[in-house]
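Atoms within each ligand, like the ligands themselves, are counted from 1 in listed order. Nothing fancy with the numbering, it's 1 onward along the sequence. From a predicted model like this one, the values you see are computed outputs, not experimental measurements.
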Amino acid sequence: MLQSYEARQRIALVGTGHRGTGMWGTELMSRMGPQLDLVGLCDLNEMRAHRSQNIIGTNAPVFTDFDAMLREVRPQTVMVCTQDDSHDELIVRSLEAGVDVITEKPMCTTAAKARRILDAEKRTGRKVNVAFNYRYAPFGAKLKELLLSGVIGEIVSVDFHWYLNTRHGSDYFRRWHAYERNSGTLFVHKATHHFDLLNWYIASDPKEVFARGQLRHYGHNGPFRGPRCKICPHKDECNFYMDISADPRLEALYEDPSREDGYVRDACVFREDIDIYDTMSASLTYENGVQVSYSLNACMPIEGHHLAFNGRKGRLEIRHRETQPFAIPEYDEILVMPNFGEAERIRIPREHGGHFGGDKRLQAMLFDPNMPDPLHQRAGARAGALSVLCGVASVESVKTNRPVAIAAQLD
Ligand SMILES: NC(=O)c1ccc[n+]([C@@H]2O[C@H](COP(=O)([O-])OP(=O)(O)OC[C@H]3O[C@@H](n4cnc5c(N)ncnc54)[C@H](O)[C@@H]3O)[C@@H](O)[C@H]2O)c1
C-alpha cells in the first residue's frame with residue numbers, strides 16, 4: 001500500500017478554468033487517481049482556484065504564485081492550462097525548476113516563444129508534451145494507420161475544412177481569445193489542432209503558407225452590442241445571447257470570481273475592438289511536396305470537418321459531423337477509394353467522452369511512458385512549435401498579402 005502511494009506521480013495544475021478543472025482535474029483524477037497525486041493548484045484568480053478545488057474534490061493547496069507552488073509542493077509534472085499567451089513563461093519556469101510539462105494547446109502564440117521553449121527543453125533536459133487530443137480520437141488514429149499502410153500511396157494533396165457552429169464558434173468571441181495578443185487569433189488558438197493533424201498525417205515539415213482571414217460575423221459586424229449578456233438590453237433579440245446561470249459549473253467558476261479580475265464569461269460577441277478573424281483559409285506546401293487546401297469557419301449551422309487525402313494510388317475521405325442539425329451518426333465512416341478498383345467503407349463506432357474518446361487515450365498515454373506508441377501519437381515541443389508556426393505564418397501572410405515561410409522560423 002505504502003509502496004503504491006510512493007509510486008504515485010506528483011502533478012500540479014496551473015490554470016483552473018473550465019479546461020483545467022474538467023479535463024486535467026475531475027476527469028483526470030476519476031480516470032487515473034490511483035496513479036496520480038494532485039499536489040497543487042495555481043491560478044491568478046484565487047477564488048476560481050478555490051472553486052476548482054471544490055469541484056475536483058481535492059485537498060491540494062491553492063497558490064496564486066506559480067514559483068511558490070513549484071518550490072513548496074515539488075511536482076514532477078505541471079499541467080499548463082492557462083490563457084494561451086502565458087503558456088511559454090509557465091513552461092520555461094517549470095523546465096528550469098526541473099519539472100516536466102504537459103501543456104494545453106496551443107503550446108504558445110509566437111515564433112520567439114516557440115524557440116524559447118525548445119531552447120529551455122534542450123538546456124534543462126526536461127520534457128514538454130503537448131496535449132493534441134485529436135491525434136487520439138479513434139477516427140484520427142485509423143486515418144493515420146491507413147496512411148502508414150500505403151493504401152493510397154504517396155500523399156499528393158490534402159483538402160481540410162473545419163466548421164465551428166454558431167454556439168461553439170461564437171464562444172471564442174466572448175472572451176480573451178477574441179484578441180490576437182492573447183490567442184494569436186484562431187489561426188493559432190484553434191487551427192493549432194488542425195495544423196498538428198496535418199503535420200502528423202503528412203509526416204513532413206510545413207514549408208510555406210499563403211492565407212486569407214476576415215471578420216465577417218462577430219465584432220464590428222454586430223447590429224447592436226452591450227456590455228455582457230447578463231445585463232444586455234438586446235438579450236431578447238440576440239441570437240448569441242448566453243445565460244451563464246444555465247450551467248452551474250460555468251457560473252461557479254466565472255460569475256463570482258469575475259469580481260476579482262473583471263473576466264466575465266459572457267462578454268458581447270459584437271465588441272468593436274475584436275481583432276481576430278472568423279473566416280479563414282490557407283494554402284500550405286510541405287517539404288515533401290504535399291499541397292494542402294485548408295479553411296476554418298466559426299459561424300456555421302454545422303460542426304465538424306471534411307478531410308480528404310489524395311494519393312498517387314487513391315483517395316481517403318472522412319466527413320465528420322459533431323453535432324446538430326442532423327442526427328449524429330453512431331459511427332464515423334472513412335471512404336477508401338483506389339484510383340482504379342473497388343471503393344471500401346470503413347466504419348468506426350463513436351465513443352463517448354471528450355474529443356470522441358481522444359482525451360482519455362491521451363491522458364493514459366502521457367502518464368504512462370511505457371505504453372507503446374506505434375502511430376507516434378505523443379507530441380513533443382517540436383510538434384507543438386510547428387503547429388503554432390503554421391498559424392503564426394498564416395496571420396503574417398494575411399497581413400502582408402505574401403507567402404510566408406513556416407518551419408524555417410525555427411532556425
Ligand atoms: N484541447 C482542447 O480541446 C481544449 C479545450 C479547451 C481549452 N483548451 C486550452 O486550455 C487552456 C485554458 O482554456 P480555458 O477555456 O479553461 O480558459 P479559461 O480562461 O477559462 O481559464 C484559464 C485560467 O488561467 C488563469 N491564468 C491566466 N494566466 C495565468 C497565469 N499566468 N498564471 C496562473 N493562472 C493564469 C485564468 O485566471 C483562468 O482561470 C487554453 O490554452 C485553451 O487553448 C484546450
If the threshold is 4.0 Å, N to carboxylate O, is there a salt bridge linking E121 and R126?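 No, this pair does not count.
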
Between the side chains of R321 and E333, is the shortest nitrogen-to-carboxylate-oxygen separation below 4.0 Å, so that they form an ion pair?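 Salt bridge absent between E333 and R321.
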
May I ask you to check whether [X] has an N/O atom sitting below 3.5 Å from an N/O atom of ligand 1?
{"X": "Y254", "value": "yes"}
{"X": "N133", "value": "yes"}
{"X": "H177", "value": "no"}

Out of curiosity, is [X] lining ligand 1, as in a heavy atom under 4.0 Å away?
{"X": "Y263", "value": "yes"}
{"X": "E89", "value": "no"}
{"X": "M23", "value": "no"}

Starting from [atom], what is the nearest protein heavy atom, named by residue and atom, and what distance separates them?
{"atom": "atom 34 (N) of ligand 1", "answer": "L44 N, 3.3 Å"}
{"atom": "atom 43 (O) of ligand 1", "answer": "K105 O, 2.8 Å"}
{"atom": "atom 44 (C) of ligand 1", "answer": "E104 OE1, 3.1 Å"}
{"atom": "atom 41 (O) of ligand 1", "answer": "D84 OD1, 2.6 Å"}
{"atom": "atom 23 (C) of ligand 1", "answer": "D43 OD2, 3.5 Å"}
{"atom": "atom 12 (C) of ligand 1", "answer": "C81 O, 3.2 Å"}
{"atom": "atom 13 (O) of ligand 1", "answer": "R19 CB, 4.0 Å"}

Establish, for the pair R265 and Y254, whether the NZ or CZ atom is under 6.0 angstrom from the six-membered ring centre and no further than 45 degrees off its axis.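 Flagged: R265 positioned over aromatic ring of Y254.
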
Option among V188, I406, T109 that satisfies the side chain to side chain contact (heavy atoms under 4.5 Å, CB included) test with V392: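 Among the candidates, only V188 passes.
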
If we check side chain to side chain contact (heavy atoms under 4.5 Å, CB included) with K360, which of these qualifies: M365, E27, E351?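 So, applying the side chain to side chain contact (heavy atoms under 4.5 Å, CB included) to K360 and each of M365, E27, E351, only E351 qualifies.
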
Any sub-3.5 Å donor-acceptor pair from T124's side-chain atoms to A120's backbone N or O?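 Yes; at least one donor-acceptor contact below 3.5 Å.
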
Strictly under 6.0 Å, is that where the ring centroids of F195 and W200 end up?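 When the ring centroids of F195 and W200 are compared, they turn out to be at least 6.0 Å apart.
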
Over all atoms of both residues, closest heavy-atom pair of Q53 and A60: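 So the two residues come closest at NE2-O, 2.9 Å.
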
Determine the sole option in R51, R228, R48 for which the salt bridge (Lys or Arg N to Asp or Glu O under 4.0 Å) test with E255 is passed.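 The residue from R51, R228, R48 that satisfies salt bridge (Lys or Arg N to Asp or Glu O under 4.0 Å) with E255 turns out to be R228.
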
Mode of S86 contact toward ligand 1 - side chain, backbone, both, neither (heavy atoms, under 4.0 Å):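 It is the side chain that touches ligand 1; the backbone stays farther off.
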
From the options H18, R175, R265, select the one whose nearest heavy atom is closest to atom 15 (O) of ligand 1.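 Looking at heavy atoms only, R175 sits closest to atom 15 (O) of ligand 1.
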
Of L13, V80, T82, which has the heavy atom at the shortest distance from atom 24 (O) of ligand 1?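 Nearest heavy atom to atom 24 (O) of ligand 1 lies in T82.
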
What's the spacing between D159 CG and R315 CZ if we round to 0.5 Å?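 If I round to the nearest 0.5 Å, the distance is 5.5 Å.
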
